[in-house]
Amino acid sequence: MPTHLITGAGSGIGAAVTRRLLERGDDLVLLARDAGRAKELAERHPGVRTLVGDLGNPDRLSWAFGQQTVPERIDSLLHIAGVVELGEVGELTPKAWHFQIDANLIAPAELTRLLLPQLRVARGHVLFVNSGAGLNAHAGWSAYAASKHGLKALADSLRHEEHGNGVRVTSVYPGRTASPMQAKVHQQEGKEYDAERWINPESVATTILMALDLPRDAEVNDLTVRPGR
């Protein structure tokens, strides 16, 4: 069975991907920010393993992994977790910038660095769930979009660097998706949230599994998913 390490498995797209991979019998390792969250995820998804590491504090990820048993082989690393805090450039504090860039960019880079040996062994796949904001930045989205533009650069560089090692790299750019994050965005925008207007997380999960399951003779580099309504 392939082994997948997933961030953001607690809700939205991450939860949908977790369910789909479990249903077909794959081996899952879910990253949790603390021991309490790890227990919640293990109870919700029987059979998974968990690792504890706070993406909001990427400087501590190496130490945290050193205290735990990390899989010797990883077939895919799925970066799905993310945070958002809207605000105009004239209002955003360094704390807001660090909050988003640490979790959305530096943590995925560090997590990838730490797990590259296991990915190389498996000739595995690194998949970044980016955002439409990683391609176009709009008013009020500067810090989040900067973190996601940086994530695109990380993925593009990693793809070139690891091609010779057989590691595939994919970026998925979903539009607005019905999730707790989207509800928070609407609250920050002062708008009413209607989940029916946006992409179902299961639809994004379908595109992610397609990229993972593609035969070795091909690789999806960039995949944009937009609301169909």
Full working for side chain to side chain contact (heavy atoms under 4.5 Å, CB included) between V169 and F128: CA-CA 8 Å; V169 179; F128 299 90; 3.9 Å; yes
Taking all heavy atoms of [X] and all of [Y], pick out the closest pair and write down the distance.
| X | Y | value |
| --- | --- | --- |
| R226 | I199 | C-CD1, 3.5 Å |
| P174 | I13 | CG-CD1, 4.2 Å |
| V70 | F65 | CG2-O, 3.9 Å |

Shared hydrophobic cluster for L116 and L51 (ILVMFWY, side-chain gaps under 4.5 Å):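 In one cluster: yes.
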Output yes when a side-chain donor or acceptor of [X] lies under 3.5 Å from a complementary backbone atom of [Y], and no otherwise.
| X | Y | result |
| --- | --- | --- |
| R113 | P108 | no |
| H149 | A145 | yes |
| E85 | F99 | no |

Side chain to side chain donor-acceptor pair (under 3.5 Å) partners for R24, two or more places apart: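 R24 satisfies side chain to side chain donor-acceptor pair (under 3.5 Å) with D26, D213 once adjacent residues are dropped.
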Salt bridge flag under 4.0 Å for residues R20 and E23: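 Between E23 and R20 there is no salt bridge, as every charged N stays at least 4.0 Å from the carboxylate O atoms.
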For R44, salt bridge (charged side-chain N to carboxylate O under 4.0 Å, His left out) partners two or more places apart: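 Once residues adjacent in sequence are excluded, R44 has no partner under the salt bridge (charged side-chain N to carboxylate O under 4.0 Å, His left out) criterion.
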Atom pair OG1 (T170) and CZ (R168), whose distance is rounded to the nearest 0.5 Å: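 The distance works out to 7.0 Å.
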Of all pairs that satisfy side-chain hydrogen bond (donor to acceptor under 3.5 Å, both in side chains), the ones with a partner from residues 52-66, not counting sequence neighbours: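 Sorted result for residues 52-66: empty, none.
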